[in-house]
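Note on naming: letters A, B, ... go to the chains in the order of the sequence lines (proteins, then strands), and numbering restarts at 1 for each one.
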Amino acid sequence: MTRFAPSPSGHLHVGVARTALFCWAYAHGRGGSFLLRIEDTDQKRSSDSASLGFLKDLEWLGILWNEGPTYTRADGSVVGGGRNGSYFQSERLEIYNREISRLVAAGHAYYAFDTAEELDAKRKASLAAKIPYRYDRTALGLSKAEIDANLAAGKPAVVRCKVPAGAIVIKDEILGEATIPAGEVDDFVIRKADGFPTYHFAVVVDDELMGVTHVLRAQEHFTNTAKHMVLQDALGFRRPTYGHLPIISNPDGSKMSKRDKDKTLRAAVVQKGLTGPPAEFLDETRWKAWLADKNTQLDITDAMRLAAILDVVLPEINVDDFRRSGYLPQVLCNFLALNGWSPGENIEKFDLEFIKQRFDLSRVVKTPAKFDRVKLLSFNCDAITGMPREQFAAQCRLHGERYHPEFLAKLTPEQFTLLADASHERSKTLEDLYRVNRWVVVSDDALTWEQSKNVSKTMLDGTPRGLDRLRELKPLFDGLADWNVATIEATVKGYADTHCEGQLGKAAQPLRVAVTGGTVSPPIFDTMAILGKASSLRRIERCLQRFEQPGA
RNA sequence: GGCCCUAUCGUCUAGCCUGGUCUAGGACACCUCCCUUUCACGGAGGUAACAGGGGUUCGAAUCCCCUUAGGGUCACCA
């Protein structure tokens, strides 16, 4: 039994997703069970019970749990449940209290009444004196009567674990053995003043009661393991096998944080010299507050709008960000698995089934990994290129229905299929089609031409100019009865053969600029076929007018 | 700062445990060329690493020590 035990959240961080993936793979790879438990013992952070949005991220990735919160999938099937519930720690307070009473009675834990201010002062004093802070056990000196009096008086009380003297040896399947010297672990709190257990306590109790035998978690928990071992000994619990996974960070070594998105935006605001909020964006006060406080975050819709205005790309942090950017779930899993683990034999591309069968703690690396989005993109590109045509079109449509309904609404099914087929081999993500083909959804009379060097070069440079060729091409299309890729191709190629010494680009580029407003699009025959005859001709006509003006 | 962990191309990594087959392999990125109607894709080449210093050994990327560097952690967060 392996478990994945996140704190509740609306979104799944990719690093956390990798932990889930490895836990899932480890359990299923050796006939075990995969348990999901919600660690919601922080009332401040977990008060929002609707913050289980990350479950849909797990579903999307294909990581489903045998035991845990009940969850209804998109297809109506239900996962989760189990005999060891509740799988929400906030609903297990009685169990924790029972175990804490046991510890107190046995002398392994004790009440403490120090105030936050007192502890803070001591901590600061230690810092000033350059000695490491440890809880000084003042509360341990309290008599039974004093404790009872404080309790009766309703004084805020925590329970601390009485950590026995002596070094603690952590055994880890990935990192090997580490010895934490005696005195390093102080008497940590196991029950907070609000009556909730701390993470350390709840984890130990639940892992035992739920039958967890293997704990895979991020390396940031490594030194916590000592505390958990102390607790296991005091409670008489079994010791699970531990494996601490290397941390995944940004390419620059910084922690991958949801705040990176706002950080990127703030940097762009400064770089572009924006003084006030862009028109129709946030109001002045909200804007200023957001700019001033590095800890405030825009919601995803606002962040994306601002990113579009500033023309910056937001870094993907959560699984859902990658989904929105058009990555395939199996590719994300594949790539995530490669951060911290490898199957060897120069194998790099694989699916969930492969990970399940091959994942093994002995091949997990000990060093932190920097998350390389460029390589992920390359993997995604390969996966998309390798898809059958119909599958790409279908997946792309699904992606559009979720993220670009207004785009889809402007296309007929036939147009969409043509566009998807034409975009397939040049797409690296499911998002690309929607990102680079704005020309499809712009109305003929609203199309504008890019003010770029490439566009003006295409239209106005050389002899004859692109503009002149366009004028010659237009009547050829006027007379075209059948409008499809083949007839358009024959027309353009015929023209290029006779007028451009066979150089197709001489004819294709002016046409491309005319009908799309820019120099980038799918092959020109497809592009014009998708637009249809009327649109194509109307755009060519407008383009001629636009560039024939002197000084254009 | 204390404690713990780690150290192979720019990045993710193989190799390390069981020293020789490693003039260190793969992938992404980068560079060159080819293909080409734009953008991509694709094809063929190429540059590029054992952190430094001591040992052990006939022999070290592989074992040991030191230095340096990086990461993690020191909460009534998880």
Fill in: Those residues of residues 504-512 of chain A lying under 4.0 Å from RNA chain B by at least one heavy atom
A/L504, A/G505, A/A508, A/Q509, A/R512
Practice prompt. Hey, which sits more toward the 5' end of RNA chain B by its nearest nucleotide, A/G176 or A/P132?
Written response: A/P132
Item to complete: Counting Watson-Crick and G-U wobble pairs only, both distances under 3.5 Å, name the nucleotide matched with B/C41, or none.
Response: none
Worksheet item: Does A/K428 have a side-chain nitrogen or oxygen under 4.0 Å from the phosphate oxygens OP1 or OP2 of B/C41?
Response: yes
Discussion item. Would you measure the distance from the C1' atom in B/U57 across to the matching atom in B/C65 and give it in whole Å?
Written reply: 16 Å
Practice prompt. Check whether any side-chain N or O of A/K192 sits under 4.0 Å from OP1 or OP2 of B/A75, and answer yes or no.
Written response: no
Worksheet item: What is the distance from atom OG1 of A/T241 to atom NZ of A/K171, rounded to the nearest 0.5 Å?
Response: 8.0 Å
Worksheet item: To the nearest Å, how far apart are A/I170 CD1 and B/C3 P?
Response: 15 Å
Discussion item. Need the pair for B/A61. Rule: Watson-Crick or G-U wobble, both distances under 3.5 Å, any strand; none if unpaired.
Written reply: none
Worksheet item: Do the numbers put A/K349 on top of the ring of A/F379, so that NZ or CZ is under 6.0 Å from the six-membered ring centre and no more than 45° off the axis?
Response: yes
Worksheet entry | Integer angstrom distance from the P of B/G71 to that of B/U11 | 13 Å
Worksheet item: Can you tell me how far the CD1 atom of A/I38 sits from the CD atom of A/E91, to the nearest 0.5 Å?
Response: 10.5 Å
Discussion item. With side-chain contact (heavy atoms from CB on, under 4.5 Å) as the criterion, how do A/V513 and A/E450 come out once you've worked through the C-alpha distance, each side chain's angles and the decisive distance to 0.1 Å?
Written reply: CA-CA 9 Å; A/V513 167; A/E450 269 176 33; over 6 Å; no
Worksheet entry | Separation between the P atoms of B/C17 and B/A78, rounded to whole Å | 42 Å
Practice prompt. Would you classify B/C16 as syn or anti? Syn applies when the glycosidic angle is within 90° of 0.
Written response: anti
Between the protein and nucleotides 72-74 of chain B, list every N/O to N/O distance that falls short of 3.5 Å.
| residue | atom | partner | partner atom | Å |
| --- | --- | --- | --- | --- |
| B/G72 | O2' | A/Q219 | O | 3.4 |
| B/U73 | O2' | A/T223 | OG1 | 3.4 |

Practice prompt. Sticking with atom P, work out how far B/A49 lies from B/C9, rounded to a whole angstrom.
Written response: 9 Å
Worksheet item: So, is the end of the A/R358 side chain (NZ or CZ) under 6.0 Å from the ring centre of A/F350 and within 45° of the ring's axis?
Response: no
Worksheet item: Does A/H228 reach the side chain of A/H200, with side-chain heavy atoms less than 4.5 Å apart?
Response: yes
Worksheet item: So, are A/K124 and A/D120 salt-bridged, with charged N and O less than 4.0 Å apart?
Response: yes
Fill in: Under 3.5 Å on both distances, the Watson-Crick or G-U partner of B/U18
none
Taking N or O atoms only and anything under 3.5 Å, show me the protein contacts with nucleotides 11-18 of chain B, one pair per line.
| residue | atom | partner | partner atom | Å |
| --- | --- | --- | --- | --- |
| B/C12 | OP1 | A/K370 | N | 3.1 |
| B/C12 | O2' | A/L338 | O | 2.9 |
| B/C12 | O2 | A/K375 | NZ | 3.3 |
| B/U13 | OP1 | A/G340 | N | 2.6 |
| B/A14 | O3' | A/R363 | NH2 | 3.2 |
| B/G15 | OP1 | A/R363 | NH1 | 3.1 |
| B/G15 | OP1 | A/R363 | NH2 | 3.4 |

Item to complete: Using the P atom on both, measure B/G26 against B/A14 and round to a whole Å.
Response: 15 Å
Worksheet item: With respect to the phosphate group of B/C28, does any side-chain polar atom (N or O) of A/R373 fall under 4.0 Å of OP1 or OP2?
Response: no
Report, one pair per line, the protein and nucleotides 30-35 of chain B atoms (nitrogen or oxygen only) whose separation is under 3.5 Å.
none

Worksheet item: Can you name the nearest heavy-atom pair linking A/L175 to A/D172, along with the distance?
Response: N-OD1, 2.7 Å
Worksheet item: In residues 488-495 of chain A, which residues come under 4.0 Å of RNA chain B by heavy atom?
Response: none
Under 3.5 Å between N/O atoms: give me all the protein pairs with nucleotides 61-66 of chain B, atom names plus distance.
none

Worksheet, complete the sentence: The residue, A/A178 or A/T519, whose nearest nucleotide of RNA chain B is more 5′ is A/A178
Worksheet item: What distance, rounded to whole Å, do you find between the two C1' atoms, one in B/U23 and one in B/C28?
Response: 25 Å
Discussion item. Taking the C1' atom in each of B/G52 and B/A7, what is the distance between them to the nearest angstrom?
Written reply: 12 Å
Fill in: side-chain hydrogen bond (donor to acceptor under 3.5 Å, both in side chains) between A/T429 and A/D432, worked out
CA-CA 5 Å; A/T429 69; A/D432 283 350; 3.1 Å; yes
Worksheet item: Which heavy atom of A/P240 sits nearest a heavy atom of A/Q232, and at what distance?
Response: CD-NE2, 3.4 Å
Practice prompt. Report the base-pairing partner of B/A78 (Watson-Crick or G-U wobble, both distances below 3.5 angstrom), or none.
Written response: none
Practice prompt. Would you confirm whether the ring centroid of A/F322 sits within less than 6.0 angstrom of the ring centroid of A/F371?
Written response: yes
Worksheet item: When the ring centroid of A/W341 is compared with that of A/F359, is the distance short of 6.0 Å?
Response: yes
Worksheet item: Has the side chain of A/R426 got a donor or acceptor that lies under 3.5 Å from a partner of the other kind on the base of B/C39?
Response: yes
Fill in: B/C64 versus B/C3 - spacing of their C1' atoms, nearest Å
23 Å
Discussion item. Check for me whether the distance between the ring centres of A/F196 and A/Y96 falls short of 6.0 Å.
Written reply: no
Worksheet item: Within the distance-only criterion (no hydrogens, no angle test), does the side chain of A/R18 pair as donor or acceptor with the backbone N or O of A/N339 below 3.5 angstrom?
Response: yes
Practice prompt. Any strand is fair game: report the nucleotide pairing with B/A69 by Watson-Crick or G-U wobble, both distances under 3.5 Å, or none.
Written response: B/U6
